[in-house]
Colleague: 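Starting off with a structure, shown below.
The figures that follow rest on heavy atoms only: side chains count, while hydrogens, waters and symmetry mates do not. This one's a predicted model, so the numbers in the text were calculated from it and none came from an experiment.
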Amino acid sequence: MKNAPLANVFIVPNEVFILGLRPTAFMLYFYLLYREDRKTYTCFPSYRNISQALGVTKKTVSKYVGELVDKGLIETRHTHMTAKDGTILNGNLEYHLLPLDSAIERFYEEQAERAKEEQRIALQRKLFEEYQPARVS
C-alpha cells in the first residue's frame, strides 16, 4: 500500500521542543500554525474559538498567548472593527507567527546569559567564603 501524499499539513522543526513550552502552549502554537495564512504568517482567531478548539478557558488562552510572545514565537496586535452605526469596536488579536530560528537563537542567548549569571554568583559565594574573618569562640 502506497502512502498518500500529505495534504493540509504543516511541519514543525524539532527545535521547537527545546524551548521549554508547556503542553498547552504547544497546543496553542500548533493551532495558530494551523490557522495562519502561509503568505502573511498571520491569523485572527478569537479567544473564544481558540478556547473551544483547545478545550481550555479564555483566561488560559490569554496566559499561553503571553508565553508564546515571551518565547519570541509570535507577536500580537490589537485590531478594531467598525459597526454599522460607526462605533469602533475591539476586534480579535492579530497573531503574527515569527521565524522559529529567531526564537531558538533568543533561547540560546538567554541560556548563555543565565549561565554567566550563575557563574558570577558562584564566584561571589566562593570569594565570600574564602575571605570570611575567623570567628572567635
Colleague: Find out whether C43 and D37 are in side-chain contact, i.e. whether some heavy atom of one side chain is under 4.5 Å from a heavy atom of the other.
Modeller: no
Colleague: Rounded to the nearest 0.5 Å, what's the gap from CG on L93 to CZ on F44? Could you check?
Modeller: 10.0 Å
Colleague: Just jot down the side chain to side chain donor-acceptor pair (under 3.5 Å) partners of R77, sequence neighbours excluded, or say none.
Modeller: E94
Colleague: Should R106 and E110 count as an ion pair when the cut-off is N to O under 4.0 Å?
Modeller: yes
Colleague: Which distance, rounded to the nearest 0.5 Å, do you find between the CD of E67 and the OG of S62?
Modeller: 12.0 Å
Colleague: Got a donor-acceptor contact below 3.5 angstrom from the T87 side chain to the A83 backbone?
Modeller: no
Colleague: What are the two closest non-hydrogen atoms of A103 and G72, and how far apart are they?
Modeller: CB-O, 3.7 Å
Colleague: Any link between F26 and L73 through a network of hydrophobic side chains (Ile, Leu, Val, Met, Phe, Trp, Tyr) touching at under 4.5 Å?
Modeller: yes
Colleague: Measuring from Y47:OH to T57:OG1, what's the distance to the nearest 0.5 Å?
Modeller: 11.0 Å
Colleague: Would you please test R48 and Q52 for side chain to side chain contact (heavy atoms under 4.5 Å, CB included) and show each step?
Modeller: CA-CA 6 Å; R48 188 187 87 227; Q52 288 174 347; 3.9 Å; yes
Colleague: To the nearest 0.5 Å, what is the distance between CG on L97 and CD on E36?
Modeller: 5.0 Å
Colleague: To the nearest 0.5 Å, what is the distance between OG (S102) and NZ (K71)?
Modeller: 15.5 Å
Colleague: Is there a path of hydrophobic side-chain contacts, each under 4.5 Å between heavy atoms, that joins L100 and F17?
Modeller: yes
Colleague: With respect to I121, which candidate in E118, Q119, R125 satisfies the side chain to side chain contact (heavy atoms under 4.5 Å, CB included) definition?
Modeller: R125
Colleague: Report, as yes or no, whether the 6.0 Å neighbourhood of atom NE2 on H78 holds more than 12 heavy atoms from other residues, nucleotides or ligands.
Modeller: no
Colleague: Check H96 against T42 and note the closest heavy-atom contact, atom names and distance.
Modeller: ND1-CG2, 3.4 Å
Colleague: Could you pull out all residues at least two apart from Q111 that satisfy side chain to side chain contact (heavy atoms under 4.5 Å, CB included)?
Modeller: F107, R114
Colleague: Using every non-hydrogen atom in the two residues, find where L21 and L68 come nearest and quote the distance to one decimal.
Modeller: CD2-CD2, 4.0 Å
Colleague: R22 and Y64: which non-hydrogen atoms are nearest, and at how many Å?
Modeller: NE-CE2, 3.9 Å
Colleague: Measure across Y95 and V65 and return the closest heavy-atom pair with its distance rounded to 0.1 Å.
Modeller: CE2-CG2, 3.9 Å
Colleague: Same cluster for V16 and L98 if Ile/Leu/Val/Met/Phe/Trp/Tyr side chains link at under 4.5 Å?
Modeller: no
Colleague: Using a 6.0 Å cut-off, check whether atom CD1 of I88 has over 12 heavy atoms from anything other than its own residue.
Modeller: no
Colleague: Would I74 end up clustered with L54 when hydrophobic side chains under 4.5 Å apart are linked, directly or stepwise?
Modeller: yes
Colleague: Would a line drawn from the ring center of Y34 to the ring center of F30 be shorter than 6.0 Å?
Modeller: no
Colleague: Taking all non-hydrogen atoms of both residues, which atom of L28 and which atom of I50 are closest, and how far apart?
Modeller: CD1-CG2, 3.6 Å
Colleague: Can a donor-acceptor pair be found, under 3.5 Å and without considering hydrogens, that links the side chain of T79 to the backbone of N92?
Modeller: yes
Colleague: Does any non-hydrogen side-chain atom of I18 lie less than 4.5 Å from one of I104?
Modeller: yes
Colleague: Quick one: pull up OG1 in T60 and CE in M27 and give me the separation to the nearest 0.5 Å.
Modeller: 9.5 Å
